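Take a look at the structure set out below.
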Amino acid sequence: MYRLLIVDQDEDVCESIRYLVDWNQYDISSVLTVSSYGEAVNSILDFPPHIALVDVELGEYWGYELAEHMWDAGVKTVFCMMSSREDFQYARRSMRSGARDYLLKPINTKELRAFLERTIVRDLRGTIPERTLSQPEVDPVLQVEYSQLSRITAKIILIVKSNYRRSQSLTGIAETLNMSSKYIGRIFLRDTGMKFSEYLTAYRMIQARRLIENTQEKISVVASMVGYSQLNNFYVHFKNCYHISPSALRRFTEAEAPPPLPAGPGIEDAAALAEETSKLIQ
């Protein structure tokens, strides 16, 4: 079983990557996140991870410096640098430090999976289960393969997956993509059958359920982690989606007798959630 370390100054980025893939598929049993160079050094020296995803910029330090220092100390962790900047100098410096790859943020799930598979087979001398290699990337809300979506819709979903803990709007995403919000809104609706706001709400509910079932975080913390500043709104949306309150689901989970729940909010459920959101905001 492998250990993974995620290092980024932005704790939201750390958490978004933490839930980006099913690590168990790669025999990764431990995922630790830290937000500073010092914490990273201590974590690596105390309990060396097999793989580390490290942001290039760590305050007054550089991610590739961390890789160099750890290699000099005899640590055999496989490093992958991350950055929001498509800068050749950063990438070249990262490769010189011994890093195996350089991923752009927001992290593309397919590229992350490819890095993991290469690392486990080439560097860790492990194997990848056949089901993992052949498993297509399926969106948890739409239940369709990402390859079936247009490039614009896929980019929008990628941005949602990386930043759903923060306030998001189609207008803001349009500015990021340097496109018209009306245009990408029409494309998204055509591809998914959902408005952007409906999809965002549905995705947040799915992530909230995962956190409640797999962590010990307080419900109020879970609500904040999936982008809700108002706990009451979160409770209403969650119960409308899964027909059970977050607290009740937590009690069932702790009793190891989870109730049968819908797999997740479908298009109709998401539309109802979005309508409820607008009522609560008004």
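Keep in mind it's a predicted model, so treat the numbers as computed, not measured.
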Salt bridge or not for [X] and [Y], using N-O below 4.0 Å?
{"X": "Lys105", "Y": "Asp8", "result": "yes"}
{"X": "Asp101", "Y": "Arg118", "result": "yes"}
{"X": "Arg250", "Y": "Glu217", "result": "no"}
{"X": "Arg113", "Y": "Glu117", "result": "no"}
{"X": "Glu68", "Y": "Arg96", "result": "no"}

Under the side-chain contact (heavy atoms from CB on, under 4.5 Å) test, residues paired with Asp27 that sit two or more places apart
Met1, Tyr2
Just checking Phe188 against Tyr199, ring centres under 6.0 Å apart?
yes
Begin with the C-alpha distance, continue with both residues' side-chain angles, and end with the deciding distance and a verdict on side-chain contact (heavy atoms from CB on, under 4.5 Å) for Leu4 and Tyr26.
CA-CA 11 Å; Leu4 172 75; Tyr26 300 96; over 6 Å; no
Is it true that, when you exclude [X] itself, more than 12 heavy atoms of the residues, nucleotides or ligands shown sit nearer than 6.0 Å to its [atom1]?
{"X": "Arg151", "atom1": "CZ", "result": "no"}
{"X": "Arg122", "atom1": "CZ", "result": "yes"}
{"X": "Tyr61", "atom1": "OH", "result": "no"}

If we ignore hydrogens and angles and just use 3.5 Å, is the side chain of [X] paired with the main-chain N or O of [Y] as donor and acceptor?
{"X": "Ser224", "Y": "Ser220", "value": "no"}
{"X": "Ser97", "Y": "Ser94", "value": "yes"}
{"X": "Glu65", "Y": "Trp62", "value": "yes"}

Least distance between heavy atoms, Arg85 atom then Leu104 atom
O-CD2, 3.5 Å
Can you hop from Ile120 to Leu5 via hydrophobic side chains spaced under 4.5 Å?
no
Quick check with a 6.0 Å cut-off and a 45 degree axis cone: is Arg100 positioned over the face of Phe79's six-membered ring?
no
